[in-house]
Amino acid sequence: MNLPAFFSTATGDFSDPARPWTFVFVLITFSVYLYIGWRSRVKETKGFYVAGQGVPALANGAATAADWMSAASFISMAGLISFMGYDGSIYLMGWTGGYVLLALLLAPYLRKFGKYTVPDFVGERYYSETARVVAAICAIFVSLTYVAGQMRGVGVVFSRFLEIPIWQGVVTGMVIVAFFAVLGGMKGITWTQVVQYFVLIFAFLIPSVAIAKLLTGNPIPQLAFTFGDIAPRLNALQTDLGFTEYTQPFQGKSMLDVLCITFALMVGTAGLPHVIVRFYTVPDMRAARYSAGWALFFIALLYTTAPALGMFARYNLINSINGKSVEEVQSLGWVRSWEQTGLLKYADKDGDGKISFAPGEAFKNNPETKKIDVNFPDGENSNEVYFDRDIIVLSTPEVAALAPWVIALVAAGGLAAALSTAAGLLLVISSSVAHDLYVRYFDREASEAKKLLIGRINICLAIVAAGYFGVNPPGFVAQVVAFAFGLAASSFFPILLLGIFDKRTNREGAIAGMVTGLLFTSIYIIGCRADKIIGLDAPLFEPWFFGISPEGIGAIGCLVNFVVTIVVSRLTPAPPREVQDFVDSVRMPTVT
Amino acid sequence: MASEKREQYWKANNRLIAALLAVWALVSFGCGILFVDWLNQFSIGELPLGFWFAQQGSIYVFVVLIIIYALMMDKLDKKYLGKSK
């Protein structure tokens with residue numbers, strides 16, 4: 001998921017009362033992260049890569065939730081949903097449903113396997129160094145692109161709330177992550193993630209509860225969403241303004257596309273290495289199952305609140321601006337402050353003295369600055385308001401007239417979400433480079449101490465690389481989500497699943513499946529997005545496969561992988577006896 | 001453990017997984033997407049039912065499914081392995 005507009009408005013010219021609070025909150029939370037990092041120093045690779053496999057199920061659930069929910073989940077998702085209405089359900093179901101697949105099909109068995117990384121499993125199950133290397137490269141690529149966005153998020157939160165340049169924010173974030181990740185490895189990351197989960201969930205729930213109470217009188221967002229009267233009122237309001245109803249399905253996407261995207265996100269979630277590897281850190285298979293349950297419970301707290309927040313904020317925003325005179329709108333404090341950031345723009349296009357909402361983009365881009373500009377009104381529609389979707393979460397505390405410290409809490413929450421996800425991803429990159437590639441192929445005889453040192457050096461290198469991309473984001477970062485999930489869905493998920501549930505799947509099948517799934521998905525995504533990813537003037541082709549969008553094509557890539565893997569496996573020799581015994585061993589809780 | 005018993009354990013596990021995944025698909029792809037228009041003629045509270053499934057109900061069901069799986073597997077482990085670990 002991307003944060004384009006929020007990222008681009010780095011020049012905070014705010015002098016708001018929340019700033020001192022933000023300093024205090026950031027200072028407190030960062031001190032706690034540093035303290036935990038120091039307390040969880042590790043001396044061996046097992047501690048460094050899988051936290052000594054001693055993390056209790058409940059704690060791992062909270063850590064997984066923080067690992068999973070990024071700056072984008074925290075800041076952008078509710079806003080996206082408020083723009084998309086029903087169609088936003090793809091994110092809600094897609095990014096939670098994958099945990100059912102993880103809990104039932106992957107996590108317990110991968111934990112039983114008991115090594116450190118996803119490529120470890122692939123290499124051993126498919127008795128193939130090629131498969132291991134392909135898996136390691138996929139893991140690095142997916143995680144590196146994903147982490148760049150997180151570092152950027154850290155920099156932007158700093159610059160928006162503390163008015164320091166983005167690069168200084170990124171460097172501060174890098175130093176903090178480096179401290180606890182280098183000293184404590186997975187152990188340090190785990191325990192900071194547990195704390196970060198609680199920071200981010202409180203930061204998300206407090207403004208949501210406040211706006212639910214304000215609009216419906218019911219403080220529980222989920223209940224206010226379902227039983228309050230905002231939904232029918234918003235539907236009526238939208239119909240009046242010429243929009244379709246908020247709850248009306250398939251407005252922007254076809255049913256097939258919604259199905260495919262939801263499926264791709266679910267399967268992609270279950271195949272993301274930084275999520276899977278969290279389940280390597282618990283004591284046994286049983287803990288892995290419960291841990292997945294806790295993780296989804298913690299995630300669901302945010303994911304069932306987000307659609308409520310999105311709907312309330314949309315209703316509130318339209319209601320407080322639409323049909324008001326220009327002077328009235330100008331007099332709203334939060335409108336003034338968000339107008340300064342460029343995330344909210346309005347102009348009385350038709351000169352009737354009132355500001356009105358309508359379908360369509362109110363303004364066009366200024367050809368020079370390439371930014372939306374009120375001096376370039378779009379005459380095709382009567383819409384007079386532009387607002388960026390990131391406003392939804394960030395402006396809620398101000399709109400609901402909450403105390404300045406709540407705004408500061410939201411800043412700390414955004415940082416916690418970004419840092420926790422970044423740390424988990426960095427560990428995957430470091431373990432893939434150090435453990436799966438370097439030590440295995442260049443330094444097999446390395447002592448335990450040397451292996452640990454190599455892991456630490458690699459995490460430093462990964463942090464520097466992520467920081468560089470955070471400061472100088474390549475153009476494709478915004479497109480990365482489709483890529484990361486598509487690749488995880490079309491490469492890892494099928495061969496992990498078949499590796500456990502189908503003994504007959506062999507090396508030839510797995511490699512053929514991974515390669516065809518990957519190629520199909522990457523070519524489709526790159527072709528449809530050639531203008532944005534590789535800088536061509538236009539996409540190479542339209543979404544030709546039944547009109548499925550690049551976000552959803554991972555679903556088809558996943559099926560392609562399944563079919564190829566199964567067919568090729570049947571046509572080539574069965575895996576050796578010891579591999580079949582290995583499959584038996586990961587299926588059972590105790591060594592038999 | 002004897003390989004016959006191991007087969008039984010694995011089959012029982014697979015049956016449980018299949019049943020739970022059927023519910024998983026039914027609430028998300030079924031109620032949340034395929035039948036959403038039809039379900040929207042009903043409502044829960046003030047929300048159309050299909051919309052509710054897509055943005056609330058399916059997520060609650062997901063959490064419950066994982067908890068049921070963990071609990072049922074505890075039972076299965078106990079039956080075949082003689083302890084709850």
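By convention in this document, chain letters (A, B, ...) are assigned in the order of the sequence lines, proteins followed by strands, and residues within each chain are numbered from 1.
Contact tally against chain B (heavy-atom pairs below 4.5 Å) for A:Leu102, A:Leu92, A:Leu223: the top residue is A:Leu92. Per-residue counts of heavy-atom pairs under 4.5 Å with chain A were compared for B:Leu71, B:Val61, B:Val64, B:Val27; the largest is that of B:Leu71.
No donor-acceptor pair closer than 3.5 Å links the side chain of A:Gln222 to the backbone N or O of B:Gln56.
Between B:Tyr69 and A:Ala103 the shortest heavy-atom distance is CE2-O, 3.6 Å. Residue A:Asp229 comes nearest to B:Glu46 through the heavy atom pair CA-CG, 4.1 Å, listed as atom of the first residue, atom of the second, then distance. Taking each heavy atom of A:Leu104 and B:Leu21 in turn, the nearest pair found is CD2-CD2, 3.9 Å. Considering all non-hydrogen atoms of both residues, B:Ile59 and A:Ala300 come closest at CG2-CB, 3.7 Å.
Within the 4.5 Å cutoff, the side chain of B:Phe51 has no heavy atoms near those of the A:Pro307 side chain. Between A:Thr247 and B:Trp52, the closest side-chain pair of non-hydrogen atoms is not below 4.5 Å.
Residues of residues 10-20 of chain B that come closer than 4.5 Å to chain A, counting heavy atoms only, are B:Trp10, B:Asn13, B:Asn14, B:Ile17, B:Leu20, ordered by residue number.
A:Met93 CE to B:Phe53 CZ: the interatomic distance, rounded to the nearest 0.5 Å, is 11.0 Å. Distance CZ/A:Arg286 to CG/B:Asp74: 4.0 Å, rounded to 0.5 Å. Interatomic distance, B:Tyr60 OH to A:Thr96 OG1, rounded to the nearest 0.5 Å: 11.5 Å. Interatomic distance, CZ of B:Phe29 versus OG1 of A:Thr262, reported as 6.5 Å (0.5 Å rounding). Atoms CG and CD, on B:Asp37 and A:Gln248 in that order, are 6.5 Å from each other to the nearest 0.5 Å. In this structure, B:Leu47 CG and A:Thr226 OG1 are separated by 5.0 Å, a value rounded to the nearest 0.5 Å.
There is no contact between A:Met285 and chain B, counting heavy-atom distances below 4.5 Å. Looking at A:Phe225, both its backbone and its side chain come within 4.5 Å of chain B, counting heavy atoms on both sides. Both the backbone and the side chain of B:Ser28 come within less than 4.5 Å of a heavy atom of chain A.
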**Message:** Evaluate A:Ser89 against B:Gln55 for side chain to side chain donor-acceptor pair (under 3.5 Å), listing each step before the verdict.
**Reply:** CA-CA 6 Å; A:Ser89 316; B:Gln55 304 213 334; 3.3 Å; yes
**Item:** Check against side chain to side chain contact (heavy atoms under 4.5 Å, CB included), B:Ile33 and A:Tyr86
**Value:** CA-CA 10 Å; B:Ile33 301 175; A:Tyr86 164 86; 3.8 Å; yes
**Request:** Begin with the C-alpha distance, continue with both residues' side-chain angles, and end with the deciding distance and a verdict on side chain to side chain contact (heavy atoms under 4.5 Å, CB included) for A:Leu259 and B:Leu34.
**Result:** CA-CA 8 Å; A:Leu259 266 179; B:Leu34 289 169; 3.8 Å; yes
**Request:** Could you walk me through whether A:Tyr290 and B:Ile66 pass side chain to side chain contact (heavy atoms under 4.5 Å, CB included), step by step?
**Result:** CA-CA 8 Å; A:Tyr290 279 98; B:Ile66 301 184; over 6 Å; no
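In the displayed structure, A:Trp294 atom CH2 is contacted under 6.0 Å by at most 12 heavy atoms of other residues, nucleotides or ligands. The number of heavy atoms from other shown groups lying within 6.0 Å of CE (A:Met84) is above 12.
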